[in-house]
Amino acid sequence: MTAVGTERRVIRVVVNGVPYEREVEARLLLSDFLRHELGLTGTHVGCEHGVCGACTVLFDGEPVRSCLFLAVQADGHAIETVEGLAPSESELHPLQLAFWEKHGLQCGYCTPGMLMVLKAFLAEHPNPTEEEIREAISGNLCRCTGYQNIVEAALSAAQLMRQS
Amino acid sequence: MPTRIFGEPIKRAEDPRLLTGRGRYTDDIDLPGQLHVAFLRSPLAHARIRSIDVSAAREMPGVVTVWTYADIGPCQRRMPLLIPHPDLTHPYTRYALAKDEVNHVGEPVAMVIAESRYLAEDAVEAIVVEWEELPPVVDIERAVQPGAPLVHEELGTNVAAHYVGIVGDPEGAFSRAAHVFRERLIIERSAGMPIETRAIVAVWNDVEGVLEVWDTTQAPIVIRNALAALFGLAPTQVRVIAPDVGGGFGCKIMVYPEEVLVPYAALTLRRPIKWTEDRLEHFVGTNHERLQIHDAEIAVDAEGRILGIRDRFLHDAGAYTPYGIIVPIITACQLPGPYKVPNYHVEFRAVYSNTVPVSPYRGAGRPHAAFVMERLLDRVADELGLDRAEVRRRNFIQPHEFPYDVGLIFQDGAPTRYDSGNYPGMLDLLLQQMDYDRLVREELPRLRAEGRFVGVGIACYVEGTGIGPYEGATVRVEPTGQVYVATGMPQQGQAHKTVLAQIVAEELQVPVGSVQVFEGDTAHFQFGSGTYASRSAVVCGSAVALAARKVREQGLQLAAEELEVAVEDLVVEDGRVYVRGAPERGFTWAQLAQLANPLRYAYAGDLVVRPRPWTGPTLPPGKQPSLEATEYYSPPHATWASGAVGMLVEVDIETGQLHIRKLWVVHDCGKMINPMVVEGQVHGGIAQGIGGAFYEKLHYDDNGQLLNASFMDFLMPTAMEIPRMEIAHQETPSPLNPLGVKGVGEAGAIPMPAVVAAAVEDALRPFGVRITRMPLDPDQLWRMTHPESS
Amino acid sequence: MKPPRFRYYAPHSLEEALAVLAEMADEAKPLAGGQSLIPMLNMRLARPSLLIDLNGLHELSGIELDNGALVVRAMTRHRAVERSPLVAEHTPLLAEAIRWVGHLPIRTRGTVGGSVAHADPAAELPGVLMALDGTVQLTSRRGQRLVPAEDFFIDLLTTAAEPDELVTEVRFPSLPSRTGTAWLEVARRHGDYALVGVGAVVSLAEDFTTVTEARLSFIGVGGRPVRARLAEAALRGQPVAAETWRAAAATVRGEIDPAGDIHASAEYRRYVAGVLAERALALAAERAREGARQ
Ligand SMILES: Cc1cc2nc3c(=O)[nH]c(=O)nc-3n(C[C@H](O)[C@H](O)[C@H](O)COP(=O)(O)OP(=O)(O)OC[C@H]3O[C@@H](n4cnc5c(N)ncnc54)[C@H](O)[C@@H]3O)c2cc1C
Ligand code: FES
Ligand code: FES
């Protein structure tokens with residue numbers, strides 16, 4: 001039984017609705033796969049140990065850390081990244097609009113992770129309180145904004161989304 | 001009426017790209033054929049290298065080469081001392097790769113270049129080093145004792161610098177004082193910790209003959225100049241670009257070893273090379289800040305007026321002093337804050353330790369200064385039975401006393417001279433915002449009667465911002481009507497593209513969206529120093545304003561000539577220059593740009609260029625074919641922003657948990673270009689300040705090992721720890737610069753240790769404790785309230 | 001921070017997984033949610049040569065009642081526990097504690113089996129399992145066994161599971177009527193591992209004035225979750241009263257032996273364990289009364 005498992009594998013994943021097939025090393029992190037194999041560099045990496053949240057993507061609709069995820073584990077699944085958030089080239093998602101309006105980003109490094117976790121959270125909690133939003137993003141560190149405008153943006157996006 | 005653009009909360013031009021994942025941060029750049037770097041870093045705080053064996057590593061799969069000090073050619077020189085100072089008598093900088101000794105955990109020792117980062121890390125593990133351990137120096141108080149082990153044997157001392165600053169007659173002041181109070185005050189080690197780590201991509205562009213470098217630096221021109229000098233290239237043969245940068249907070253200004261080694265590898269191997277720091281490397285490879293130990297005393301008269309201050313402090317410099325002694329100098333100069341301190345003795349020793357080097361982190365010595373000053377004033381108030389706000393009021397520099405000289409030489413070599421401000425007004429505004437009297441007289445007693453440990457603190461500060469040497473900018477109206485702006489300053493989230501565009505749009509009365517700002521790329525602008533010291537809006541903004549004004553004059557002049565009217569009869573409005581009262585007689589800026597250039601335009605023109613009779617050269621001497629100006633601005637000295645914060649806290653004395661119930665801020669950065677951006681800066685600074693007051697501390701053990709080098713254990717606050725902030729603004733324009741602006745970048749971080757200490761101390765009055773150390777933590781608060789248990 | 005090389009194997013059934021594990025136990029590691037294992041790989045603190053990915057084993061996930069006990073299968077995500085009405089109703093202590101585990105995206109991925117197998121001494125789930133006298137089901141090619149929580153958790157990151165065994169489910173026995181539970185903890189930041197945490201279980205006599213049984217399970221105060229047996233014994237038969245809880249806090253402080261680290265000293269942890277015990281007991285008793293009233 002010495003040959004159990006492989007160091008490389010062919011995987012098929014759907015990212016933002018686009019199917020991809022790639023051969024990857026088993027140890028390749030999903031964050032590196034998205035960024036450097038698929039060129040989807042909107043997903044950021046800030047710690048590679050699961051704390052900062054910059055790498056958060058949606059895996060079958062649920063927020064996960066792409067730095068604590070092997071690319072091979074995504075085989076057969078659907079991933080959504082910040083690049084897939086806007087409905088079209090010319091439109092922005094309500095979260096993106098609200099972040100812009102409320103100055104919810106400065107350097108923009110934490111932003112994709114914030115947007116993705118909030119997308120999943122607002123889908124489940126369309127009418128959240130400020131406290132609930134703070135808790136939902138508490139796994140995403142931002143070093144620039146002090147969070148206040150991110151919270152404002154999330155509240156405003158929730159409202160926009162309820163209206164539409 | 002001209003449209004007001006300057007001062008408006010305009011949405012940021014930066015955002016659509018960043019929100020859709022189309023930002024370009026350095027690690028996002030992948031070039032064909034790119035190789036990856038990983039470093040072997042010292043696992044020991046202090047050791048001699050007996051031998052390094054990289055032969056096995058060189059044989060590992062995917063490894064192109066492995067370098068040690070012997071292999072790095074021109075990079076064998078010591079790293080530069082960026083900011084010398086006459087009192088820095090014992091400077092010491094490192095080698096890019098350790099030569100024979102390492103002086104802190106994390107110091108780069110060998111460099112693996114491989115086909116992927118994964119393979120490079122594999123090979124790092126195969127390098128064998130034989131170490132000879134030396135005694136580590138960690139405790140800076142021990143380091144200054146006679147006979148202490150030395151960080152750098154050849155210096156003969158651990159004291160890098162000894163500085164003494166004296167204003168007035170401190171000895172006299174102390175001898176005639178009604179009261180003298182002493183405190184020992186400590187601010188612990190911390191770090192800026194941007195969410196994006198450092199990264200560098202370098203490639204030798206053989207087509208252009210240019211070394212191209214993308215770098216997360218806050219100072220690309222400095223890096224460009226260093227690389228050109230090091231590699232013997234013309235400056236124009238080196239292009240350094242700071243693309244989107246994910247936060248800086250000071251630690252990304254430096255010439256770090258990796259910043260010369262990665263470009264050197266690109267030059268040598270003729271392949272694109274990338275190095276992206278990982279978070280563990282960042283903790284031990286990127287500069288830290290903060291640790292200072294102050295022995296401070298204040299002399300006051302019977303009414304609590306300051307007669308003098310004496311402060312002696314130790315400043316932890318870390319293992320090297322590449323950035324000189326900027327941080328403690330700022331502490332020394334800013335300690336008096338917004339108060340009149342007629343007699344002042346300040347003295348520090350910057351001390352080497354076997355830890356990561358120290359260079360500015362947001363606040364840069366100012367949080368320490370404010371902590372010391374505000375703690376002393378709180379002490380005076382408490383001892384004299386005065387309200388803490390009242391003590392401040394009695395000591396403020398008054399609005400009519402500007403310019404006000406502190407009497408010391410500031411970090412930029414200029415006098416520490418406050419240009420403008422209204423400190424009493426600022427405090428009044430804060431107290432009003434807090435409803436201070438009611439809070440202190442009714443609210444607190446009511447809550448305390450319920451057995452709750454609540455307290456209020458206030459703290460005031462000044463911030464010397466917008467220092468020299470200078471920055472420059474080019475502004476050009478394109479024949480398309482777009483306005484091109486270029487500067488040397490990169491941004492790490494401060495909205496330069498928006499606020500600089502606002503300045504230009506205001507001057508030319510064009511839509512802000514038609515102004516495009518290029519920054520942080522040495523191909524666009526060649527001169528300047530970088531983004532630090534809250535100086536962008538002041539120094540760069542002023543240069544942009546001067547250039548835009550010049551372009552405006554050029555446009556007016558040209559229109560006057562073409563329309564055969566006097567310049568005074570023209571107005572600039574709605575993106576046009578036209579005759580007052582006759583809007584149809586005039587030109588758009590695009591048309592003026594076309595007119596300026598005696599060429600025919602294939603497509604761009606919406607103007608039919610009239611053939612002109614020959615009168616001499618098409619472009620007469622002294623004329624330029626464009627509406628374009630490059631201007632530099634060099635401030636006479638720093639401009640002084642200020643602020644005041646108030647905080648209501650509650651302590652759960654049984655668990656030592658701290659709850660910030662309310663947080664009020666008054667901030668004065670002179671004229672605001674974009675209040676939304678200003679508030680964002682203040683929010684961010686405050687959050688970092690709260691981090692430094694209750695959460696963030698780098699713990700070194702006695703062996704110089706950093707015990708909490710991860711985000712699990714270095715506790716940056718989350719959205720749950722940062723309270724809502726209420727901000728009010730006061731505007732006292734700076735008389736020094738054309739815009740009347742002052743810097744804001746570091747503001748929020750400065751008063752937070754002071755105000756948290758004040759509020760917690762107030763909450764814990766029944767226990768009679770004094771808060772003298774930052775950051776606090778639950779354990780400390782619990783000890784203070786349970787002296788019997790601990 | 002990239003993982004070292006390893007081989008990856010994604011079995012399709014528990015049987016396959018166990019077969020491979022039996023063969024390669026020394027060099028293989030099961031991969032569950034990866035929220036603890038992958039950070040260790042990224043830091044190269046773990047170097048298995050084979051990862052056996054349990055994520056495809058649907059038979060290992062699910063929550064159900066079995067003979068009155070709540071059974072949570074190993075690969076059940078924390079989020080699933082958090083969202084489960086069955087958990088909320090049957091084992092409210094688990095429902096309350098699970099929200100303290102990390103953050104939303106961590107709970108999306110992290111698993112109950114992974115938490116228990118990882119056995120971090122400051123992790124919530126082991127503490128809950130100890131509080132409720134739960135059991136861990138271990139399965140290997142050699143067979144299956146049920147290990148009481150008390151015997152399962154041995155020390156820091158050390159359990160009774162043999163290298164060829166998988167945690168396949170955990171069981172939370174049902175609680176007697178007139179019983180209330182409470183989970184309290186103190187962490188440095190929201191979502192951090194606890195400095196100290198406690199799960200309290202209080203059962204009351206029919207008249208609601210006397211404690212018939214109480215349990216206190218602490219995390220963060222030792223190498224493994226710790227039951228305060230002396231305090232528990234002393235609580236039996238005591239009146240429902242503030243003094244009772246305060247006395248229990250004192251006993252707790254006497255019997256636990258926490259260690260200090262950079263985040264909090266041993267003395268702090270000892271004291272706060274008492275504070276939390278006092279508060280959690282009061283809350284649990286209150287809930288016991290309220291629960292019965294409903
Ligand atoms: C930022 C962050 C914050 C966190 N905060 C908390 C917190 O506050 N409280 C808390 O409790 N946890 C916390 N965690 C850890 C999290 O809960 C993990 O999910 C959990 O500890 C491990 O579960 P896992 O499914 O991810 O296991 P893995 O990481 O996949 O595995 C952990 C270990 O258990 C072994 N293992 C896994 N499953 C089995 C099995 N079925 N049988 C035998 N062995 C197995 C693995 O081989 C590995 O050694 C945090 C994690 C992160 C990244
Ligand atoms: S990079 Fe994944 S959580 Fe920080
Ligand atoms: S905007 Fe910079 S980290 Fe959040």
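Proteins get letters first, then strands, A, B, ... in listed order; numbering begins at 1 in each.
- When heavy atoms are compared at a cutoff of 4.5 Å, A:Glu101 approaches chain B by way of both its backbone and its side chain.
- In terms of heavy-atom pairs under 4.5 Å with chain A, the best-connected choice from B:Pro717, B:Gly23, B:Gly748 is B:Pro717.
- The line from CG of A:Leu105 to CG of B:Asp15 is 4.0 Å long, rounded to the nearest 0.5 Å.
- In terms of heavy-atom pairs under 4.5 angstrom with chain B, the leader among A:Lys102, A:Met114, A:Glu130 is A:Glu130.
- With a 4.5 Å cut-off on side-chain heavy atoms, A:Arg143 and B:Met193 count as touching.
- Nearest heavy-atom pair across B:Phe711 and A:Cys47 is CD2-CB, 3.5 Å.
- Put simply, CE on B:Met725 and CG on A:Asn149 are 8.5 Å apart, with the number rounded to the nearest 0.5 Å.
- Across every non-hydrogen atom of B:Val245 and A:Cys107, the tightest pair is O-CB, 3.5 Å.
- In this structure, chain B has heavy atoms under 4.5 Å from both the backbone and the side chain of A:Leu28.
- Not a single donor-acceptor pair under 3.5 Å links the side chain of B:Arg279 to the backbone N or O of A:Val45.
- For the pair A:Gln148 (side chain) and B:His683 (backbone), a donor-acceptor distance under 3.5 Å is absent.
- Contact annotation: the side chain of A:Glu83 never approaches that of B:Arg22 to less than 4.5 Å [non-hydrogen atoms, C-beta and beyond].
- When side chains are defined from C-beta on, A:His36 does not count as touching B:Gln34, because their heavy atoms never get closer than 4.5 Å.
- From B:Gln681, atom CD reaches atom OG1 of A:Thr145 across 10.5 Å, with rounding to the nearest 0.5 Å.
- For the residue pair B:Thr718 and A:Arg134, no side-chain donor N or O sits within less than 3.5 Å of a side-chain acceptor on the partner.
- The CD atom of A:Glu37 sits 9.5 Å away from the CG atom of B:Asp30 when rounded to the nearest 0.5 Å.
- Atom CD of A:Glu132 sits in a crowded spot, with more than 12 heavy atoms from other residues, nucleotides or ligands closer than 6.0 Å.
- Contact annotation for A:Leu141: both backbone and side-chain heavy atoms come within less than 4.5 Å of a heavy atom of chain B.
- Look at A:Glu48 and B:Arg117 and you find no salt bridge, because none of the NZ, NE, NH1 or NH2 atoms lies under 4.0 Å from a carboxylate O.
- No more than 12 heavy atoms of other residues, nucleotides or ligands sit less than 6.0 Å from atom NZ of B:Lys662.
- Looking only at side-chain heavy atoms (C-beta outward), B:Glu14 and A:Gln106 stay at 4.5 Å or farther from each other.
- Rounding to the nearest 0.5 Å gives a distance of 8.0 Å between CE of B:Met716 and SG of A:Cys52.
- Both the backbone and the side chain of A:Cys144 come within contact range of chain B, each with at least one heavy atom under 4.5 Å from a heavy atom of that chain.
- Between the OG atom of A:Ser138 and the CD1 atom of B:Ile722 there is a distance of 12.5 Å, given to the nearest 0.5 Å.
- Taking every heavy atom of both residues into account, A:Trp100 and B:Arg12 meet most closely at NE1-O, 2.8 Å.
- Ionic pairing of A:Arg35 and B:Asp27 is present here: one or more N-O contacts between side-chain nitrogen and carboxylate oxygen are shorter than 4.0 angstrom.
- Annotation for B:Ile195 and A:Ala54: closest pair CG2-CB, 4.4 Å, computed over non-hydrogen atoms.
- Checked for salt-bridge contact, A:Glu152 and B:Arg724 meet the test: a charged N lies under 4.0 Å from a carboxylate O.
- The two residues A:Gly146 and B:Ala687 make their nearest non-hydrogen contact at CA-CB, 3.5 Å.
- Contact annotation for B:Tyr118: both backbone and side-chain heavy atoms come within less than 4.5 Å of a heavy atom of chain A.
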